[in-house]
Amino acid sequence: MADTSPPRSERRLALFDASGFIFRAYHAIPPLTTSKGVPTNAVLGFTRMVLKALQELKPTHVALAFDKSGRVERQKIDPTYKANRKAPPEDLTPQFPLIRKVGDVLNLASLDAEGWEADDVIGTLAMQAKAEGFQVLVVTSDKDFMQIVDEDITLFDPAKNKRMGIADVQEKMGILPKQVRDFLALVGDAVDNVAKVPGVGDKTAVELLHQFGDVETLLARVEEVKKPKIRAALESHRESLVRAKQLVTFNTGLPLGVKLDDLIRRAPDATRARDLFTELEFFALLRDLPAEEPAARPDVAPLSVTTTLVTTEAELKAMADAAKAAGTLTLVPAFEGMPFAAPLVGLGVALPDGTTRYVPLRHQQLGATQVPVAAFTAAMKDVLADAAVKKGGHDLKALTLVLANEGLTLEGAHDDVELLSYLLNPSRREHALEDLARERLRSELPALPASVGGKKGRALADHGPDEVAAAYAVRADAARRLAPELWKELELGGLAELARTLELPLLPVLARMEREGVKLDVTELGRTSERVDVEVKAKEAECHQAAGHVFNLGSNPQLAQVLYEEQKLPILKRGKTGPSTDQEVLEKLAEEHDSVLARALIEYRGLSKLKSTYLDTLPTLVAKDGRIHTTYHQAATATGRLSSSDPNLQNIPIRSELGREIRRAFVAEAGHQLVSADYSQVELRLLAHIAEDPVLIEAFRNDEDIHSRTAAEIFGVDPKDVDREQRRVAKTVNFGIAYGLSAHGLSTRLGISQENARDVIERYFTRYAGIRQYLEDTVEKARKVGYVETLYGRRRLMGDLLSKNRGVAQAAERAAINMPIQGTAADLMKKAMLSVDAALREQKLKTRVLLQVHDELLFEAPDAEVDAVKALAVKSMASVAELKVPLKVDVGAGKSWADAH
DNA sequence: GTCACGACGTAC
DNA sequence: GACGTACGTCGTGACA
């Protein structure tokens, strides 16, 4: 036995009734083709079933069994066997070879035997495996297989996710597994053209088998059959009954010539599987492919391990020339800390000829040979600024910023593998180079120094060049190798244009915004903080007073104890870990149960939240230039939006008075103003456009108060007669509709009954019929193709839509509804940013873009440019797309962010 | 001390 | 569970 075999006792062979599933999948899944028209419904159903069953059963050995001219041998017994079967439908035939191909890339053995059916192949293998001590799992939905069930052979129906052993067969059929063939012979099979004994149905067959055991005994003692009609039928159908039993009995002695060790389960060939699934457009399945495969493919060269240190100006120049000649250059900077402030310690380089370099620049180690930074910048300036030399790497925005610190401009950002991977699957949490290399190059990257990313260890610059050269150079090489593969997939998914014309051009714009930063009036913020500190302490004391003792207001378990055990207030909502104490609950407790504690807590929470998150934190993040430099993440959200962190400047308060006060601390330099331009109702406008809803389109074309108009539609009144309550309801519906709003959600939000909420939603959909249609179509299409997309082709893979867990599937539906809207808004804003940035540069204005908050851009403009910038921003943003509705942009200016609104 | 997680709350 | 997308703070409990 081969060493690779698991211990005997743990060996499990899964045998798939592949041929059976092909037909089942074909009929279970509605017609489906790739964008090129290749039918794939059976392939998809089959593939899903196999992957699911493998996950469920975790077999050690696997085989797929197929029919091969399957009726030939049985027709020797009875020429009419399956004679009335029609040829497979014409859109199924081309799927047979594709299914074999799926088995191939999943590294699963496919077995068949000329003239025999999959049943016989499985029967043979099952017996063989049983004899060798295997547990056998037959994956099938066909009841005929019950005949081979025994202590070691179990059936598994992936459709029902159910296993079937001896006891299950007995319970279901009322007979032993080995009697199943007798049963089938007695009752016949119209579909397969197996003759039955007339007058013998399921019940009679079972009775007969109880009495006689099997067909042979029954025929030998037929005179003992009590009912004359049945007896006569049996006597006159002797031959056909014997034949029927032969037909339904599996042949378990085929000469397959396969050793069970050949069936050891192997990991899928991830690369080929990815290619095939991409070709078949099984995007939802792509995500579930395993990240690694055991064997390295021989056609992929190992990642470069020999790295040349570049320590002379001549070598630098040679490197720059080589890059210029080839037109590409892949770079990974060695730095630590924030990219907008970090000095460049070194630079990993990969050249298109497959060689790698490391340029040490600021290693502190004694005796480290390195070129002076000035010589480096002089030698590299041109090639870095040459857009014709395409730059590659991982997170080129960080590279751009770090180089900018050295006075270097990076142009031609093109192969950012983080960004490219993000566009392929924006739902993915991370696009770490380590992971991409593992998945797509089957290589482990050497570890970076512990100080980078983590906090411990020596500073990066205290490492010698030799210690880190390989790590950075190999990273550059990995990025260089990944880029072509990622571009190929982008082309296949129709995403390459989005990458080339939107995301990659945006990258330097974001870099400039981060580098610019926004000025914070720390003194002003400090004053506010001191004042709030007093208020927070007062509220805290009030809470302790109300509780009768001191406790940690920040601890929800402690708070829950006080509220629900000591004060015996009713538990209105529960979370996973215990009773909830969130704002909604507190408000109810304050209102309906007149809880002094709840009332004080609400105020405490509001104050302490703003204090800890903003007032106390923002000042610590002010850089030496007196400004705050956020980091924008271009590869973070599932919809295509940007996100912001360190600090997050996209959730600075605005709704409360204290919130606005915090915004007052974001100010313009002397002689400048902040200009804010934001899209009005952009998502609702996009919904109108995408859904092509005539009523909503008309409302926006007339620049109506959209919430009043909606209220008028819902409540059947004239827009001018809409009252405040009606408008409030309509506003909530308008906001919620693109999020997959439910009656329950609307009722809790508005404090109305669920019936009432249902009625409101129903009226809404009646008046805005296009919206309902759009929502339904979006989910339906997403289920079929596995993704949703924006107006500009940005895609989000949506695997969970087919989840068996209804909650998960419904959440995925809501996300699917929302993404095209939110994502298209994000696309538009990104286009607007490109347009605005280009216009500002072209007109050589001193105004800078500082912040983006999803539907708002914040500029810092010299006083003299304010009016021009207002006009420029409105024009650029509003004309970024020609839609069925106008895009409206509101704009304002002032000394602070609050004043600009 | 660090980490992961959940609860909560801020924004659009 | 019940309305989508993010990120940050705090408390908690596991682990070192």
Side-chain angles (χ1 to χ4, degrees), chain A residues 426-427 429 454-456 551-560 573-586 601-602 604-618 621 630-633 636-656 658-659 662-663 678-684 687 732-750 754 757-758 761 775 788 796 805-823 825-826 829 851-856 897:
Chain A
S427 309
R429 289 281 150 174
K455 277 179 186 150
K456 280 191 199 159
F551 68 103
N552 187 346
L553 293 181
S555 165
N556 291 319
Q558 287 182 37
L559 177 56
K573 188 159 77 170
R574 281 189 175 279
K576 276 183 209 161
T577 52
S580 170
T581 65
D582 69 12
Q583 198 167 353
E584 189 195 328
V585 168
L586 293 179
L601 259 168
I602 293 169
Y604 168 82
R605 280 245 181 98
L607 292 172
S608 70
K609 172 77 180 179
L610 293 186
K611 184 170 186 302
S612 65
T613 308
Y614 304 104
L615 292 172
D616 294 347
T617 314
L618 288 175
L621 294 161
T630 185
T631 299
Y632 285 107
H633 302 278
T637 73
T639 56
R641 274 189 181 180
L642 300 176
S643 76
S644 154
S645 73
D646 310 295
N648 180 359
L649 293 187
Q650 293 181 319
N651 71 344
I652 301 299
I654 190 169
R655 291 168 192 176
S656 66
L658 179 56
I662 292 169
R663 285 211 175 198
D678 67 277
Y679 282 116
S680 165
Q681 305 284 5
V682 68
E683 293 197 1
L684 212 45
L687 182 63
T732 307
V733 175
N734 275 336
F735 278 122
I737 207 75
Y739 299 154
L741 178 87
S742 70
H744 181 274
L746 189 66
S747 71
T748 50
R749 184 146 301 221
L750 289 173
Q754 228 180 106
R758 205 185 321 274
I761 293 174
L775 300 180
V788 285
R796 174 178 182 178
N805 181 330
R806 248 186 75 224
V808 171
Q810 284 177 343
E813 283 178 19
R814 293 190 294 271
I817 286 169
N818 178 250
M819 187 273 173
I821 309 294
Q822 187 182 121
M829 175 51 97
L851 301 179
Q852 187 253 46
V853 192
H854 309 310
D855 65 357
E856 173 188 5
W897 197 359

Rounded to the nearest Å, what distance is computed from the [atom1] atom of residue [X] to the [atom2] atom of nucleotide [N]?
X      : N      : atom1 : atom2 : answer
A/F551 : C/dG11 : CZ    : P     : 12 Å
A/L750 : C/dA2  : CG    : P     : 17 Å
A/Q852 : C/dT5  : CD    : C1'   : 13 Å
A/N805 : C/dA2  : CG    : P     : 12 Å
A/L553 : C/dT12 : CG    : C1'   : 17 Å
A/Q558 : C/dT12 : CD    : C1'   : 11 Å
A/L559 : C/dT12 : CG    : P     : 11 Å
A/Y604 : C/dT9  : OH    : P     : 15 Å

Sugar-phosphate, base or nothing in reach of [X], heavy atoms under 4.0 Å:
X      : result
A/R796 : sugar-phosphate
A/T748 : nothing
A/G740 : sugar-phosphate

Please collect all salt bridge (Lys or Arg N to Asp or Glu O under 4.0 Å) contacts where either partner lies in residues 811-822 of chain A, sequence neighbours excluded, each pair once.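 Only A/R783-A/E813 qualify under salt bridge (Lys or Arg N to Asp or Glu O under 4.0 Å).
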Sugar-phosphate atoms are those with a prime plus P, OP1 and OP2; base atoms are the rest. Using that split, label each nucleotide of nucleotides 7-12 of chain B B, S or - for protein heavy atoms under 4.0 Å, 5' to 3'. SSBBSB
Can you tell me if the side-chain N/O atoms of [X] get under 4.0 Å from OP1 or OP2 in [N]?
X      : N     : answer
A/R814 : C/dT5 : no
A/T639 : C/dA6 : no
A/Q754 : C/dA2 : no
A/S645 : C/dC7 : no

Select one nucleotide: of C/dT5, C/dG11, C/dC7, the one nearest the side-chain heavy atoms of A/A636.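 Nearest to the side chain of A/A636 among the choices is C/dC7.
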Nucleotide of C/dC7, C/dT12, C/dG8 approaching A/S643 most closely (side-chain heavy atoms):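 For A/S643, the side-chain atoms sit closest to C/dC7.
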Has [X] got a side-chain atom pairing as donor or acceptor with [Y]'s backbone, closer than 3.5 angstrom?
X      : Y      : value
A/T613 : A/L610 : no
A/Q650 : A/Q852 : yes
A/T581 : A/L586 : no

Please confirm whether any donor atom in the side chain of A/Q810 sits under 3.5 Å from an acceptor in the base of C/dG1, or the reverse.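 Answer is yes: a donor-acceptor pair is held.
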Testing the 3.5 Å rule here: is there a donor-acceptor pair between the side chains of A/D646 and A/T631?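 No, because no side-chain N or O of A/D646 sits under 3.5 Å from a partner of the opposite role on A/T631.
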Gap separating the OG atom of A/S608 from the CZ atom of A/R605, nearest 0.5 angstrom: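 Here the rounded value is 8.0 Å.
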Using Watson-Crick or G-U wobble geometry with both distances under 3.5 Å, which nucleotide pairs with C/dA2?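 Base partner found: none.
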Got A/D855 and A/E683 here, is their nearest side-chain heavy-atom distance under 4.5 Å?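 A side-chain contact is absent here, since even the closest heavy-atom pair is not under 4.5 Å.
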Can you name the nearest heavy-atom pair linking A/I817 to A/L775, along with the distance?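 Result for this residue pair: CG2-CD2, 3.3 Å.
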